K.L.:
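Below are the structure tokens for one structure; questions will follow.
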Amino acid sequence: MKKILIIEDEELLYNLLSKKLITGGYDVSISKDGQKGLDSMKKDIPDLVLLDIIMPNKNGFEVMEEMQKDERLKNIPIIIISNSGQPVEIDKAKNLGAKDWLVKTDFEPLEVIKKVKKQIG
Amino acid sequence: MDDKKRTENLLKMTMEDLEELERYIEELSSFLPLAVCTINPSGVVLVVNSAFQNLTGYREVEIIGEKVDSLFLNKKDFQNLIESKTLKEKTILTRRMTLSKKEGGKIPVNMAISIRRNKEGNFLGHFIALSDISEFEKLKQGLEEKVKERTKNLEEQTQEITQSRVALMNILEDVEKAKEESEEERDKTLAIFENFPEGLLFLDQKNRISSINPGLRNFFELDPEKVIGEKIAELEKESPLNFLVDILGTTSAGAYKKELELKENLILEISTIPVMRVKGKIGTLVILRNITREKTVERLKTEFVSISAHQLRTPLSAVKWTLKMILDGDLGKISEEQHEFFLKTYKSNERMIRLVNDLLNVTRIEEGRFLYNVKSQNIIKIAQEVINSCSVLAKRKKIALKFQEPKSKIPKVKIDTEKINIVIQNLIDNAIRYTKNNGKINISVKYLKDQKNILVSVKDTGIGIPKNQEKRIFKRFFRGVEAIKMETMGTGLGLFIAKNIVEAHGGKIWFESVENKGTTFYFTIPIASATISK
């Protein structure tokens with residue numbers, strides 16, 4: 001089973017997302033802030049990270065920057081799930097290794113799962 | 001000695017004296033180069049000398065006994081002269097006369113005439129002396145002619161000189177004026193250069209620093225003397241102007257712009273502009289603009305929008321996802337009535353989401369004027385992406401969403417991908433929203449070669465736009481009456497934003513519509529977008 005790490009601070013969202021992922025046949029772990037997310041992925045390397053941007057204790061960009069510095073982490077595919085989406089931010093994320101950027105209000109959970117499937121199957 | 005002998009001797013002596021005297025007079029008379037004659041009171045010639053004979057051409061025998069006035073051209077003149085009072089008063093009177101020579105020639109002579117009186121004072125006649133002044137007169141005439149010619153020449157020359165002088169004065173005036181004007185311009189330019197609030201630097205053709213303005217010293221600690229005349233390539237490493245080395249390679253190209261972050265609170269924008277004159281490039285003007293504040297504002301705006309977006313969208317996405325999962329049955333079974341309520345709530349929430357999106361777009365795009373990240377793109381790819389993302393929505397209403405590929409290859413266009421994406425998205429969204437179930441939507445992309453435009457069209461079989469609303473359709477917040485009836489969700493911002501984006505790219509947007517039959521929206525993007533601003 002493929003492992004997905006959700007790094008998201010909003011409870012409702014990560015609950016819904018993980019529910020959908022589990023139904024989709026994925027193994028899910030959740031971290032509620034950036035630092036916890038980094039710690040978690042260092043312990044157990046996920047197949048994909050669903051990463052929020054605005055979070056306490058290291059935001060999404062900072063998480064990506066740290067992942068890039070770590071050999072074990074820099075190649076993990078990342079999909080950003082955020083509620084902002086300005087071109088300058090999207091460019092920055094893509095340069096840090098993000099494969100996609102999804103705006104939460106424009107995508108439903110099911111569509112997020114489809115994107116995950118596209119990345120890692 | 002006898003008295004008789006004495007008297008005879010005396011007489012002989014006197015005769016000898018007289019003969020001597022006569023001979024003397026004859027000799028003198030012959031010698032005299034001046035033509036002299038003696039006339040009696042009637043004007044008859046008594047005596048003439050050799051010179052007189054030579055001058056007149058008459059021999060003694062021919063002229064003696066003739067009237068003297070026959071020699072002159074103007075006899076009357078001579079007569080008047082003889083009788084004139086002046087002659088009687090003056091000793092000698094001179095007059096120019098014309099002599100008629102024996103062989104017919106006429107020569108000018110100067111005649112001197114004086115009265116002869118005897119011991120008792122009785123009038124004996126006149127002495128007349130003639131001198132040939134023909135040579136003199138010829139000379140005089142020659143001289144006169146020469147003088148005349150010279151005078152004419154001088155006059156002409158004077159005139160030329162006067163004209164030249166006038167012309168020269170005019171030229172001097174013009175030069176003075178031009179000098180004044182150029183000094184004025186130079187002073188103006190200098191004043192502008194000195195007072196320009198930003199930093200200015202002028203490089204000469206050899207990339208040496210020619211001048212710097214005070215504005216530049218606001219950014220750097222500079223000693224003008226150390227810097228002026230230096231070649232950029234030879235600046236010391238510690239020189240604050242070292243960054244100019246980077247622009248060296250670019251001074252031959254056209255205008256160039258770059259941002260330079262000197263310190264955290266000093267960000268400069270460097271522009272270089274080649275300065276051209278008729279004979280070619282004379283140097284480069286380097287402008288350093290302090291854009292720290294602009295950059296800060298830009299950054300703050302981005303942060304603000306980012307946070308606002310996040311704050312506004314977070315509850316909306318939470319509601320959206322929850323409701324969707326409920327509607328999909330992921331959170332347990334629900335009744336049909338519950339389904340209906342949840343669906344309405346979901347749709348209402350979706351409207352809120354779209355409103356927030358539009359508002360964020362408007363704030364960020366600043367009414368479409370700023371284009372970010374302009375790159376050469378294949379517009380077909382963008383269109384296809386949008387169509388794909390709208391397919392779910394279209395399928396729900398059973399609307400056939402078709403993309404008509406262009407027949408020939410379409411050139412890339414310089415566009416802001418995200419913004420053009422928004423335009424196409426808005427147009428297709430509208431088409432879907434305002435077309436009833438089982439309708440058709442056709443999207444096409446064409447290359448208009450002669451107009452150098454790409455034409456995108458979105459054609460639907462929807463409710464159409466009434467004629468009286470045509471003008472307001474692109475205005476902010478406008479929504480047609482029928483549109484509102486059909487779809488209560490709608491912000492009225494979509495077309496406003498689309499129009500501003502299209503026009504910022506230098507294109508045009510318009511539509512054709514027939515009520516209840518359908519609408520086609522068109523927009524063009526020029527191949528060479530010259531009006532894109534950053």
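Please read all numbers here as calculations on a predicted model, not as lab measurements. Below, read A as the first sequence line, B as the second, and so on, with proteins coming before strands; counting in each chain starts at 1.
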K.L.:
Taking C-beta and beyond as the side chain, do Asp106(A) and Ile353(B) meet within less than 4.5 Å on heavy atoms?
P.N.:
yes
K.L.:
Between Thr314(B), Asp328(B), Leu331(B), Val392(B), which residue shows the highest count of heavy-atom pairs closer than 4.5 Å to chain A?
P.N.:
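Max contact count across the listed options: Thr314(B).
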K.L.:
With rounding to the nearest 0.5 angstrom, report the OG to CZ distance, Ser84(A) to Arg313(B).
P.N.:
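Between atom OG of Ser84(A) and atom CZ of Arg313(B) there are 7.5 Å.
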K.L.:
Kindly compute the distance separating CZ (Phe107(A)) from NZ (Lys320(B)), expressed to the nearest 0.5 Å.
P.N.:
9.0 Å
K.L.:
Mind checking the OG1-CE spacing from Thr105(A) to Met352(B)? Nearest 0.5 Å is all I need.
P.N.:
11.5 Å
K.L.:
Is Leu12(A) in contact with chain B via its backbone, its side chain, both, or neither, using a 4.5 Å heavy-atom distance?
P.N.:
side chain
K.L.:
Just wondering, more than 12 heavy atoms not from Lys412(B) lying within 6.0 Å of its NZ?
P.N.:
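Not buried by this count: 12 neighbours or fewer within 6.0 Å.
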K.L.:
Is the closest side-chain donor-acceptor distance between Ser317(B) and Asn83(A) under 3.5 Å?
P.N.:
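Yes, because at least one side-chain N or O of Ser317(B) sits under 3.5 Å from a partner of the opposite role on Asn83(A).
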K.L.:
Less than 4.5 Å to any heavy atom of chain B: does that hold for the side chain of Glu10(A), its backbone, both, or neither?
P.N.:
side chain
K.L.:
Should the heavy atoms of other residues, nucleotides or ligands under 6.0 Å from CD of Glu340(B) be counted, would the total exceed 12?
P.N.:
no
K.L.:
With side chain to side chain contact (heavy atoms under 4.5 Å, CB included) as the criterion, how do Met325(B) and Lys20(A) come out once you've worked through the C-alpha distance, each side chain's angles and the decisive distance to 0.1 Å?
P.N.:
CA-CA 9 Å; Met325(B) 288 188 70; Lys20(A) 215 56 182 195; 4.0 Å; yes
